[in-house]
Number of protein chains: 2
Amino acid sequence: MERITIEDVAARAGVSPTTVSHVFSGHRPVRSETKALVERVAIELGYRPNAVARSLRVQRTNTAMIILPDITNPFYPVFARGVQDVLRAGEYHTLLCNTDSREEEERAFLDEAISRRLDGVVFMGYWVSPEELLDVATAGVAVVNLGEGVPGAPIDSVRSTDEEGARDATAFLLGRYGSAVALIDGTMFAPVARARTSGYQRALRSAGLVPVPEYEVSEEFTREGGSRGMAALLDLADPPRAVFCANDQIAIGALQEAARRGLSVPADIAIVGFDDIDAATMVRPNLTTVRNSPDALGAHCGELLLSRMTGEFTGPGRDVVIPAELVIRESA
Amino acid sequence: MERITIEDVAARAGVSPTTVSHVFSGHRPVRSETKALVERVAIELGYRPNAVARSLRVQRTNTAMIILPDITNPFYPVFARGVQDVLRAGEYHTLLCNTDSREEEERAFLDEAISRRLDGVVFMGYWVSPEELLDVATAGVAVVNLGEGVPGAPIDSVRSTDEEGARDATAFLLGRYGSAVALIDGTMFAPVARARTSGYQRALRSAGLVPVPEYEVSEEFTREGGSRGMAALLDLADPPRAVFCANDQIAIGALQEAARRGLSVPADIAIVGFDDIDAATMVRPNLTTVRNSPDALGAHCGELLLSRMTGEFTGPGRDVVIPAELVIRESA
DNA sequence: GTGAAAGCGCTAACAC
DNA sequence: GTGTTAGCGCTTTCAC
């Protein structure tokens, strides 16, 4: 594994390193014969430009990082592809990082983004505070947060109408199945979980009801979390007639737990999810859920990030909100 | 956005850059008061080590790349997490890259890995030839291929018993539903598709049958591909009694197409998938499929890559094969 | 149209 | 236990 540098190519082609550099960058005209010669020599020698050296020199990496809580939740891969598509069009490379919802990992990746001098990061996390994100931005990394805005910081945000979506779903359940509507939420460390809880409670209050603690269980945003949550609810002396789940993974787990107990959905217990992942239409009964658009969210994150990374935009944080709407299917 | 370097810290702490460097790396002892002072100053100044400069100097990036065909196929995120887990334990960072099964993207990412001087890459592709992978290895990037081995190259490989799994699934279908067993495969550019086709044909031949072209359709490895494939098969003058699908996404699409036509599975048409993704037990009927272990495959890829990146192993390619076995559920 | 030379921020001989 | 110094491979100003 020889290491061929621009100097080797220059020497062999009988030109200066400067010229070789310009042949590759196109930053200034080079006589066409010289250019052809350099290109031939480069191939002959197996020259591969060193992006590390280049990044050090130009102080840019042309790379962005996407930090996500759970790559195995089908919502996120679609989201990631959305941002990746727009970033690629802007000649940026994208690194996808998975925190598994762990606090240390969230910090580690953010740190990584800073020390690698990445140009930007799209972040979704449960633990890191807005101030910490501000540190990242201050270090010169463009940042867009998938979630709440960061007041007073040059950080863009993109989110769905989580609270409203949760409220609508709950109101729908209340209207159709009466007042015994419970909630299975994800970890309450997640801002998105708090938003959905708040929407749920708001719907209850609007209907003149008082949220009862036993009807609000908090689990992981996974199928297993959903099963556990449903089990807890069903074991109550007075189990609910319907349950709103903070995401589809949870809802599917809940569905399975109901089936395991021989309960029919929605006849015995109604279930609504959130996200509308592919699997929502694969399970039986099909999931009534709140449509969240991972691709649209991703595309917006990409646009906002791109405009900051290129320097085209340098103002205060912009906030994009995408409507999430109830999709009624079979499970409620 | 000031740019604080190791020199700034050194100057302010009244020591040499060398000492600052060693405070952070621990590569040589530093008097404890000096150390404390340097650390304090670093924080005061907001110093962030520049990993780009470091990488250029030490000729290592401590980073590996995973290149995958379709991040929205649930099989791959699980696989990726498997490799990531072992790499993280080895202090390596992992970039996840999605080619969307596109030829240019496969090449672009591989190229990227070389020019960024990444330490290693775990690759799964449809288009890139073994020789091209060899180029990557020659450029000094450790590589492990998720799929076939690369004869004579210092490239490790990890794969499932795709051919045997396909053969077993087909044989099972043949035994239970008679000779009219069809195949819906993914793009034939994918080596894995060819292996599964060959297993399917081998089972047919073992049963004294001759594969008929009309019963072999090739689509994408997606739900849509599965629906289209199933539609084509069902539109045949003489439709099959059972179909083996090259992955679960295809099988689920096929299942849905059958449902759309009012056909009952497996009573009217039996379906078997491959992979055993989560969704296999979410659909109705539950999918009979061939279990492929994304986490085990991932872990092995991680181990092999790690041993090469650290230099602990430098021999010829090692090939790991993981058994894939039939799981009988309801769809066949 | 082309080249010389400085320097991006860091590490690691080598010296003391 | 600490410092001097020479690069890692590239881009870009300045000069011709």
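Everything numeric in this text was worked out from a predicted model, so none of it was measured. So that the names make sense, note that chain A is the first sequence line, chain B the second, and so on, each numbered from 1.
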(Q) On the nucleotide C:dT11, are OP1 or OP2 found under 4.0 Å from the side-chain N or O atoms that B:Ser21 carries? (A) yes
Q) Which residues in residues 53-65 of chain A have at least one heavy atom lying under 4.0 Å from any atom of DNA chain D? A) A:Ala53, A:Arg54, A:Arg57, A:Val58
Q.
Quick check on B:Arg12: does its CZ atom have over 12 non-hydrogen neighbours (other residues, nucleotides or ligands) under 6.0 Å away?
A. no
Q | Set of residues satisfying side-chain hydrogen bond (donor to acceptor under 3.5 Å, both in side chains) with respect to B:Ser157, sequence neighbours excluded | A | B:Asp319
Q: Could you say whether B:Thr19 or A:Tyr47 is positioned toward the 5' end of DNA chain D, judged by the nucleotide with the nearest heavy atom to each?
A: B:Thr19
Q | Nucleotide nearest B:Thr5 when distance is taken to its side chain, options C:dC10, D:dG3, C:dT2 | A | C:dC10
Q: Applying ring pair (Phe, Tyr, Trp, His ring centres under 6.0 Å), name anything that partners A:Phe313, two or more places apart in sequence or on another chain.
A: none
Q: Starting from C1' on D:dG3, measure out to CD1 on B:Ile6 and report it in whole angstrom.
A: 13 Å
Q.
Restricting to side-chain hydrogen bond (donor to acceptor under 3.5 Å, both in side chains), what partner residues turn up for B:Glu148, sequence neighbours left out?
A. none
Q. Could you state the CD-P distance from A:Glu7 to C:dA5, rounded to the nearest angstrom?
A. 12 Å
Q | Protein-nucleotide distance (A:Arg48, atom CZ; D:dC8, atom P), rounded to Å | A | 21 Å
Q. Which whole-number value in Å describes the distance from A:Asn50 CG to C:dC8 P?
A. 18 Å
Q. In terms of side-chain heavy atoms, does A:Ser307 have a donor or acceptor partner in A:Arg318 at a distance below 3.5 Å?
A. yes
Q: For A:Gln59, enumerate each residue passing the side chain to side chain contact (heavy atoms under 4.5 Å, CB included) test, keeping only those at least two apart in sequence or located in another chain.
A: B:Arg3
Q) Hey, can you pull the residues of residues 24-39 of chain B with a non-hydrogen atom under 4.0 angstrom from DNA chain D? A) B:Arg28, B:Pro29, B:Val30, B:Arg31, B:Thr34
Could you list the donor-acceptor pairs under 3.5 angstrom formed by side chains in residues 75-86 of chain A, with sequence neighbours left out?
from, atom 1, to, atom 2, distance (Å)
A:Arg81, NH1, B:Asp100, OD1, 3.3
A:Asp85, OD1, A:Arg88, NH2, 2.6

Q | By side-chain hydrogen bond (donor to acceptor under 3.5 Å, both in side chains) - contacts of B:Glu33 (at least two apart) | A | B:Arg31
Q: Using a heavy-atom cut-off of under 4.0 Å over every strand shown, decide if B:Val15 touches base, sugar-phosphate, or nothing.
A: sugar-phosphate
Q) Side chain of A:Thr18, base of D:dT12: donor and acceptor closer than 3.5 Å? A) yes
Q: Quick one: list whatever passes side-chain hydrogen bond (donor to acceptor under 3.5 Å, both in side chains) with A:Arg107, sequence neighbours left out.
A: A:Glu103, A:Glu132
